[in-house]
Amino acid sequence: MSIARWATRPVGSAREFLALELRNARYGDIVSVKAAIEAARKDAPYLQDTDDELTKKIVDLARELGLAVLFDSRD
């Protein structure tokens, strides 16, 4: 689930990065907030969004794509 390894330039926004990360998810799949934030921090360190802002973007994208969200970031 990592796009930054082969990207030739950074993706512009957190939403664009997360959309690329979730592009292969199927309707009904579960998205881990913890894993998505970890991927963003590791593969897109240029993003300035807080964890709470990333969580909101993950939830918004998941809703649009018909995905379930696992709120496990505080574990």
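Annotation for A35 and S32: closest pair N-OG, 3.0 Å, computed over non-hydrogen atoms. Summarising the geometry of K57 relative to A14, their closest heavy-atom pair is CD-CB, 4.0 Å, with the distance given to 0.1 Å. The two residues A36 and I58 have their closest heavy-atom pair at CB-CD1, 3.5 Å. Contact between Q48 and E53 at its shortest, heavy atoms only, is O-OE1, 4.4 Å. The minimum heavy-atom distance between L61 and A19, with the atom names listed, is CD1-N, 3.7 Å. Across all non-hydrogen atoms, the minimal contact from G28 to L67 is N-CD2, 4.2 Å.
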- Please test K56 against D52 for salt bridge (Lys or Arg N to Asp or Glu O under 4.0 Å), starting from the C-alpha separation and ending with a verdict. CA-CA 6 Å; K56 181 178 180 338; D52 289 340; over 6 Å; no

- Audit row: L70, V31, side-chain contact (heavy atoms from CB on, under 4.5 Å) steps and yes/no: CA-CA 6 Å; L70 175 61; V31 177; over 6 Å; no

- Message: Run the side-chain contact (heavy atoms from CB on, under 4.5 Å) test on R26 and D29 for me, step by step, so that the C-alpha distance in whole Å, both residues' side-chain angles and the decisive distance to 0.1 Å come before the verdict.
- Response: CA-CA 6 Å; R26 295 174 302 195; D29 281 353; 3.7 Å; yes

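For D51, the side chain to side chain donor-acceptor pair (under 3.5 Å) partners at least two apart in sequence or on another chain are R41.
Remark: Y27 OH to L65 CG distance equals 11.0 Å, nearest 0.5 Å. Taking CG of L18 as the start and CG of L54 as the end, the distance is 6.0 Å to the nearest 0.5 Å. Once rounded to the nearest 0.5 Å, the distance linking CG of D49 with CZ of R15 reads 12.0 Å.
Put simply, the side chain of I30 does not reach to within 4.5 Å of the side chain of V69, judged on heavy atoms.
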